[in-house]
Amino acid sequence: MKSFNGKILALLLQIPRGKVTTYTALARAAGSPKAYRAAGNACNKNPNSPQVPCHRVVSSNGKIGGYARGTKRKIELLEGEGIKISEGKVVDFEKRLFSFE
DNA sequence: GTCGTGACTAGCC
DNA sequence: CGGCTAGCCACGA
């Protein structure tokens, strides 16, 4: 019995390295396309610990958005996976965007 | 059962 | 282009 929160975390695990997703996509994959806010909550609370790549989640416009441990930290992690960040936004966001199908 | 909160988004000025 | 408001959802107390 996975809560909405649990689904979000599971979806994050599906994201391959070097790719990113949006809160809207997560919410949609979780079953509630309008729950983008709740999706952010799931990561923010992040009951799973750093085992979940919550840093691979960005805003719908490709912006980094935020990060519980600091947006700066999030950028560093993304760059470590090969994703470039410019002015707090993902470079080639559309190309890096991952689909859950 | 009700209220408050949040890593959001879209629209309007 | 920048800032503000309103609407939406799920979870915790």
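If you're wondering where the values come from, they're calculated on a predicted model, not measured in any experiment. Letters A, B, ... mirror the listed sequences (proteins, then strands); counts begin at 1.
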Using a heavy-atom cut-off of under 4.0 Å over every strand shown, decide if A/K45 touches base, sugar-phosphate, or nothing. nothing
CG of A/N41 versus P of C/dC8: gap in Å, rounded? 17 Å
More than 12 heavy atoms of other residues, nucleotides or ligands under 6.0 Å from CD of A/E94: yes or no? no
pair A/Y67-A/L77: side-chain heavy atoms closer than 4.5 Å: yes
Rounded to the Å, how far apart are A/F4 CZ and C/dC9 C1'? 7 Å
Taking CG from A/L26 and P from C/dC9, how many angstroms apart are they, rounded to a whole number? 17 Å
Should A/K19 and A/E81 count as an ion pair when the cut-off is N to O under 4.0 Å? no
So what does A/T22 hit on the nucleic acid, given a heavy-atom distance under 4.0 Å: a base, only sugar-phosphate, or nothing? nothing
Counted 5' to 3', the first and last nucleotides of DNA chain B within 4.0 Å (strictly under) of a heavy-atom of chain A are B/dG6 to B/dA10
5′-ward residue of the pair A/A39/A/V58 relative to DNA chain B: A/A39
Taking every non-hydrogen atom, the tightest pair across A/A39 and A/L26: CB-CB, 4.3 Å
Where do A/A35 and A/F4 come nearest, in terms of heavy atoms and distance? CB-CZ, 3.5 Å
Identify whether any heavy atom of A/T24 sits under 4.0 Å from a base atom; if not, whether one sits that close to sugar-phosphate; answer base, sugar-phosphate or nothing. sugar-phosphate
Would you name the heavy atoms of A/T21 and A/F98 that are closest together and state the gap between them? OG1-O, 3.9 Å
Of A/A38 and A/N61, whose closest DNA chain B nucleotide lies nearer the 5' terminus? A/A38
Distance check: side-chain N/O of A/S3 vs OP1/OP2 of C/dA10, anything under 4.0 Å? no
Quick one: A/K2 NZ to C/dA10 C1', roughly how many Å, whole number? 16 Å
Using purine N1 to pyrimidine N3 plus N6-O4 or O6-N4 for Watson-Crick, or N1-O2 and O6-N3 for G-U wobble, each under 3.5 Å, what pairs with C/dC8? none
Looking at A/A68 and A/N44, what are the two nearest heavy atoms and their distance? CB-OD1, 3.9 Å
So what does A/A35 touch, heavy atoms closer than 4.0 Å: a base, only the sugar-phosphate, or nothing? sugar-phosphate
